[in-house]
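After the structure tokens below, expect a handful of questions from me.
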Amino acid sequence: QVQLVESGGGLVQAGGSLSLSCITSGLSFSIYAMGWFRQAPGKEREFVTTISWNGGSTYYADSVKGRFTISRDNAKNTVYLRMNSLKPEDTAVYYCAAREYYPSSEVYEYNYWGQGTQVTVSS
């Protein structure tokens, strides 16, 4: 079956950095666009960033543009999220998600989801 497993979350001070990974199995990773979303307590899940199936296109939420970088390694079936200059408002559970071919910022357009990893940024 399809599995997406995030890792790399943790506690970091404001201004610090974290790198998340999402390892996938059970799907043809190289034809899937991948996205990162996040959900803070009491809030809806929101778009963070997405990358096309070949890595040629990336899109970011305005709130993370210039601070976060998404990348992928199709040989390792893995997508990454590098987060720099973290802010307390970045605190959330971060989820990776997969959909065929084309990137999207819409939660409902993704077919597969990981279980999430907690990122906490202290002030």
Side-chain angles (χ1 to χ4, degrees):
Q1 79 266 23
V2 176
Q3 285 191 309
L4 285 68
V5 180
E6 302 95 337
S7 62
L11 174 64
V12 64
Q13 287 189 331
S17 299
L18 276 177
S19 291
L20 306 183
S21 300
C22 173
I23 299 174
T24 73
S25 60
L27 53 75
S28 298
F29 183 75
S30 62
I31 68 166
Y32 278 80
M34 299 298 297
W36 286 97
F37 293 77
R38 66 188 182 186
Q39 188 166 17
K43 295 189 176 182
E44 293 188 351
R45 192 167 299 187
E46 66 173 6
F47 168 72
V48 175
T49 179
T50 183
I51 188 168
S52 60
W53 61 276
N54 63 354
S57 299
T58 58
Y59 304 92
Y60 296 89
D62 288 343
S63 58
V64 306
K65 204 170 293 182
R67 301 188 296 122
F68 290 12
T69 302
I70 189 172
S71 61
R72 66 188 294 158
D73 185 338
N74 285 357
K76 296 183 178 180
N77 296 337
T78 301
V79 62
Y80 305 96
L81 180 63
R82 176 66 178 177
M83 304 183 292
N84 296 327
S85 303
L86 283 160
K87 304 175 181 180
E89 52 263 44
D90 294 318
T91 295
V93 177
Y94 283 71
Y95 299 89
C96 68
R99 72 184 300 266
E100 286 190 352
Y101 296 113
Y102 303 111
S104 170
S105 62
E106 300 292 345
V107 171
Y108 70 88
E109 291 190 335
Y110 283 80
N111 306 105
Y112 303 108
W113 291 84
Q115 82 290 345
T117 185
Q118 177 71 46
V119 171
T120 303
V121 184
S122 63
S123 57

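Not measured: the values here are computed from a predicted model.
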Problem set entry | Side-chain donor/acceptor of E6 to backbone N/O of Q115, under 3.5 Å | yes
Problem set entry | Distance, nearest 0.5 Å, that separates CZ of F29 from CH2 of W53 | 12.5 Å
Exercise. To the nearest 0.5 Å, how far apart are OG in S123 and CD in E89?
Worked result: 10.0 Å
Exercise. When you measure from the side chain of R82 to the backbone N and O of T69, does any donor-acceptor pair fall under 3.5 Å?
Worked result: no
Exercise. Under a 4.0 Å N-O cut-off, is there an ion pair linking D90 with K87?
Worked result: no
Problem set entry | Sidechain-backbone polar pair: E109 side chain, R99 backbone, donor-acceptor under 3.5 Å | no
Seminar exercise, completed: Heavy-atom closest pair (S17 atom, N84 atom, distance to 0.1 Å) is OG-OD1, 2.9 Å
For this session: Look at the side-chain heavy atoms of Ile, Leu, Val, Met, Phe, Trp and Tyr, link any pair under 4.5 Å apart, and say whether V79 and L4 land in one connected group.
Result: yes
For this session: Could you grab the distance from atom SG of C22 to atom OH of Y95, nearest 0.5 Å is fine?
Result: 13.0 Å
Problem set entry | Y112 with I70, same ILVMFWY side-chain cluster at under 4.5 Å | yes
Exercise. What heavy-atom pair brings G56 and S52 nearest, and what distance separates the two atoms?
Worked result: N-OG, 3.1 Å
Exercise. Say you draw a straight line from CD1 of I23 to OG1 of T78; how long is it, rounded to the nearest 0.5 Å?
Worked result: 4.5 Å
Exercise. V119, V64: one ILVMFWY side-chain cluster at the under-4.5 Å cut-off?
Worked result: yes
For this session: Mark yes or no for whether T120, through its side chain, and T91, through its backbone, hold a donor-acceptor pair below 3.5 Å.
Result: no
Exercise. For L27, does its backbone N or O pair with a side-chain atom of N77 as donor and acceptor, under 3.5 Å?
Worked result: no
Exercise. Is the shortest heavy-atom distance from the side chain of V2 to the side chain of T24 under 4.5 Å?
Worked result: no
Exercise. Is there a chain of hydrophobic side chains (I, L, V, M, F, W, Y, each step under 4.5 Å between heavy atoms) that links Y59 to Y80?
Worked result: no
Exercise. Checking ring pair (Phe, Tyr, Trp, His ring centres under 6.0 Å) against Y110, which of W36, F37, Y32 comes through?
Worked result: F37
Exercise. Do F68 and L20 come close enough that some side-chain heavy atom pair is under 4.5 Å?
Worked result: no
Seminar exercise, completed: Output for pair (M83 CE, S19 OG), nearest 0.5 Å, gives 7.5 Å
Exercise. For Y94 and R38, does a side-chain donor sit closer than 3.5 Å to a side-chain acceptor?
Worked result: yes
Seminar exercise, completed: Here the gap from S30 atom OG to R72 atom CZ, rounded to the nearest 0.5 Å, amounts to 7.5 Å
Exercise. Taking atom NZ of K43 as the centre, does the number of heavy atoms from other residues, nucleotides or ligands within less than 6.0 Å exceed 12?
Worked result: no
Problem set entry | Within one Ile-Leu-Val-Met-Phe-Trp-Tyr cluster: Y101 and F47, side-chain cutoff 4.5 Å | no
